[in-house]
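We use all heavy atoms of the structure for the numbers below, so side chains are in, but hydrogens, waters and symmetry mates are not. Here is the naming used below: chain letters follow the sequence lines, and residue numbers restart at 1 for every chain.
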Protein chains: 2
Amino acid sequence: MVSLEEAKKAVGEALNCGRLALLIGRCRVFYEGRAASKLSEGDRLLVIKQDGTFLVHQATKMHAINYQGPGSRISVRIDEGENALVVSSQRTKPLLERIDVKFFEVHFADSFHLRDDEKLKLFGSERELSELLMQDLHLIEPGLFPLKQESDIRKGTIDILAEDFRHRLVVIEVKRREAGLDAVTQLARYVDEVSKRKDKATRGIMCAPTITPNALRMLEREGLEYFRLDYEIGNPSARIRGLEKKQKALHEFNDSKEPNT
Amino acid sequence: MVSLEEAKKAVGEALNCGRLALLIGRCRVFYEGRAASKLSEGDRLLVIKQDGTFLVHQATKMHAINYQGPGSRISVRIDEGENALVVSSQRTKPLLERIDVKFFEVHFADSFHLRDDEKLKLFGSERELSELLMQDLHLIEPGLFPLKQESDIRKGTIDILAEDFRHRLVVIEVKRREAGLDAVTQLARYVDEVSKRKDKATRGIMCAPTITPNALRMLEREGLEYFRLDYEIGNPSARIRGLEKKQKALHEFNDSKEPNT
DNA sequence: GCGATCAGCGGCACG
DNA sequence: CGTGCCGTTGATCGC
């Protein structure tokens with residue numbers, strides 16, 4: 001158990017010296033900003049980082065139940081009337097937003113200096129897959145020629161723009177995980193834009209490890225193509241293992257408008 | 001400073017008693033699963049929750065640099081050769097994923113019991129706005145009649161389905177924040193689906209506090225409508241303040257295909 | 001359990 | 001600065 005005064009001192013020290021502050025105690029939480037929330041009394045962990053990051057964690061779940069990103073202004077005061085320690089975070093960045101955490105009891109409070117100059121090295125991002133695929137377009141089909149990667153058009157950003165052996169434009173959308181309706185809609189939007197802009201017949205290809213049945217149905221109805229993208233994540237980088245054209249069998253179109261005769 | 005043995009004991013105790021564990025120290029982090037990552041030596045905060053949540057935080061930024069959601073299996077061992085404490089988290093849920101945090105020095109390690117039965121009460125969600133709007137459709141235009149909220153169609157979920165005074169179907173998409181291209185695409189998808197399915201002329205209305213210029217251009221080209229949604233978040237609930245039809249002036253269509261005659 | 005969408009999304013990279 | 005979009009997205013809700 002820590003007195004409210006001691007806890008206040010610990011947080012103040014963290015703020016002054018640019019250190020990490022940790023607080024554990026029984027509190028209520030109040031938030032108002034883009035949305036609003038209330039959380040009644042209970043034990044929580046409060047993490048305050050030197051950049052203004054402000055995280056209120058409950059005992060379970062991954063995400064902080066209330067939070068504020070870097071850049072928020074933090075203040076501490078003791079509410080004599082309620083005999084509570086109030087830690088507040090305020091920012092003005094997207095909007096005026098504030099969080100108040102009112103501690104009635106503090107079980108732990110301290111500050112720590114974290115020395116850390118390292119940045120995470122991440123492998124297996126979509127960008128990385130896209131770059132790999134860019135160099136191996138023949139995996140999709142022979143004669144496919146890369147034109148541009150990350151091509152900005154008005155309706156968004158095309159992962160890969162290519163040309164096939166018949167000089168048709170090909171828009172390729174790469175997904176590192178299962179493609180859903182949103183991914184198909186995205187691809188359709190790009191194909192639409194490119195074909196109109198260039199006034200050329202344009203193909204659209206979705207490359208993803210899997211695709212939901214619904215999404216595949218819509219994709220094929222829109223005249224787009226799906227290739228199953230099989231990839232492996234080595235530690236220095238990812239590697240494309242295979243790429244296989246997939247198509248629904250005709251009889252699987254069981255809700256097609258045309259009967260099968 | 002805490003000895004590796006003591007730190008191991010603290011984590012073990014947390015695991016046994018279903019408590020929250022906090023570890024601060026100099027470590028390396030290794031992750032492999034849906035992606036892979038490496039993080040070289042530095043000071044970090046490790047949070048382990050009773051539900052298996054596993055968070056590695058650096059000194060800045062909101063998000064944990066490496067993480068694992070609830071349900072992961074945690075283990076601790078001391079690597080005698082390297083004289084390090086290795087805390088690992090493994091799960092199999094979406095895939096086999098593991099994180100290893102190798103501590104060479106531990107500055108702090110303890111476990112805490114958090115008693116907390118409360119759930120966050122959040123106000124101002126899209127669902128809430130949608131419900132409010134459902135009861136005030138006349139704010140959009142007189143004679144608009146609500147048919148259904150949260151209507152599932154094959155291509156997704158329609159926020160509000162209504163009928164106007166001419167008995168045309170109206171698909172309404174509500175956004176609590178700025179509408180972008182994706183939101184417009186989504187609405188267009190629903191309108192397309194509904195009009196085909198019911199074989200009726202169908203309108204599409206986007207209600208959002210703001211809309212990006214790009215999105216507005218695309219929306220109007222698709223023949224959809226935008227209403228500026230002005231709302232306020234009181235604490236017990238949100239309130240719709242106003243709803244105003246917005247339309248681009250003709251001269252703003254500077255890249256329209258048709259000249260203005 | 002899968003599937004689609006929301007999130008106080010956050011964060012990044014490019015115009 | 002906006003704007004689009006990825007994310008080891010996570011979390012929720014409806015089927």
Practice problem: Kindly point out which of C:dA7, D:dG14, D:dC5 is positioned nearest to the side chain of B:D152? | Solution: D:dG14

Quiz item: Considering only the P atoms, how many Å lie between D:dT3 and C:dG8, rounded to the nearest integer?
Solution: 22 Å

Self-check item: A:R28 with B:E118: basic N within carboxylate O range, under 4.0 Å
Solution: no

Practice problem: Return the nearest nucleotide to the side chain of A:N214; candidates are D:dC5, C:dA4, D:dG10. | Solution: C:dA4

Practice problem: Name the residue closer to the 5' end of DNA chain D, choosing between B:I65 and B:K148 according to the nucleotide with the nearest heavy atom. | Solution: B:I65

Practice problem: For B:R177, answer base if it contacts any base atom (sugar-phosphate contacts may also be present), sugar-phosphate if it contacts only those atoms, and nothing otherwise; contact means non-hydrogen atoms under 4.0 Å. | Solution: base

Exercise. Counting heavy atoms from C-beta on, name the nucleotide in D:dG10, C:dG3, C:dT5 closest to the side chain of A:T212.
Key: C:dG3

Quiz item: Contact class for A:G156 (heavy atom, under 4.0 Å): base, sugar-phosphate, or nothing?
Solution: sugar-phosphate

Quiz item: Which nucleotide, C:dG10, C:dG11, D:dG7, lies nearest any side-chain atom of A:R91?
Solution: C:dG10

Quiz prompt | Cationic N near anionic O, under 4.0 Å, A:E126 to A:K175 | solution = yes

Exercise. Select from A:E150 and A:A179 the residue whose nearest nucleotide in DNA chain C is closer to the 5' end of that strand.
Key: A:A179

Quiz item: Which nucleotide sits closest to the side chain of A:Q186: C:dG8, D:dC6, C:dC6?
Solution: D:dC6

Quiz prompt | Salt bridge present between A:D100 and A:K102 (N-O < 4.0 angstrom) | solution = no

Quiz item: Under 3.5 Å, is there a donor-acceptor pair linking the side chains of A:E220 and A:Y226?
Solution: no

Quiz item: Does the side chain of A:T212 come under 3.5 Å of the side chain of A:N214 through a donor N or O and an acceptor N or O?
Solution: no

Quiz item: Counting any heavy atom closer than 4.0 Å, what does B:L95 reach on the DNA or RNA strands: base, sugar-phosphate only, or nothing?
Solution: nothing

Quiz prompt | Side chain of A:M62 (C-beta onward), nearest among D:dA11, D:dT8, D:dG7 | solution = D:dA11

Quiz item: With a non-hydrogen cut-off below 4.0 angstrom, is A:E128 in contact with a base, only sugar-phosphate, or nothing?
Solution: nothing

Practice problem: Output yes when at least one side-chain N/O atom of B:K175 is less than 4.0 Å from OP1 or OP2 of C:dA7, else no. | Solution: no

Quiz item: Parallel, tilted or perpendicular: which describes the rings of B:H63 and A:H63, with under 30° parallel and over 60° perpendicular?
Solution: tilted

Quiz item: What nucleic acid atoms does B:S37 come within less than 4.0 Å of, heavy atoms only: base, sugar-phosphate, or nothing?
Solution: nothing

Self-check item: Check: A:N66 side chain, C:dG8 base, donor-acceptor under 3.5 Å
Solution: yes

Practice problem: Find the distance B:L96:CG to D:dT8:C1' and express it as a whole number of Å. | Solution: 13 Å

Self-check item: Any B:K61 side-chain N or O less than 4.0 Å from OP1/OP2 of C:dC12
Solution: yes

Practice problem: State whether A:Y190 places a side-chain N or O below 4.0 Å from either non-bridging phosphate oxygen (OP1 or OP2) of D:dG4. | Solution: no

Quiz prompt | Nucleotide of D:dG14, D:dT8, D:dC5 approaching B:R127 most closely (side-chain heavy atoms) | solution = D:dG14

Quiz item: Under 4.0 angstrom, heavy atoms only, what part of the nucleic acid is A:L129 near: base, sugar-phosphate, or nothing?
Solution: nothing

Practice problem: Please tell me which of the listed nucleotides, D:dT12, C:dG10, C:dG8, lies nearest to the side chain of B:H63? | Solution: C:dG10

Practice problem: Report the C-alpha separation of A:T185 and B:T185 in whole Å, then their side-chain angles, then the decisive distance to 0.1 Å, and conclude whether the side-chain hydrogen bond (donor to acceptor under 3.5 Å, both in side chains) test is met. | Solution: CA-CA 7 Å; A:T185 313; B:T185 313; over 6 Å; no

Practice problem: Please state the P separation for the pair C:dG3 and D:dT8 - nearest whole angstrom. | Solution: 22 Å

Self-check item: Rounded distance in Å - CD (B:E173) to C1' (C:dC6)
Solution: 10 Å

Quiz item: Reckon B:R189 has a side-chain N or O less than 4.0 Å from the OP1 or OP2 of C:dT5?
Solution: yes

Exercise. Round to a whole Å and report the spacing from CD1 of A:I233 to C1' of D:dT8.
Key: 8 Å

Quiz item: To the nearest angstrom, how far is A:K121 atom NZ from D:dT8 atom C1'?
Solution: 17 Å

Quiz item: For A:E178 and A:Y67, take the nucleotide of DNA chain C holding the closest heavy atom to each; which residue's nucleotide lies nearer the 5' end?
Solution: A:E178

Self-check item: Side-chain N or O of B:R34 closer than 4.0 Å to phosphate OP1/OP2 of D:dG10
Solution: yes

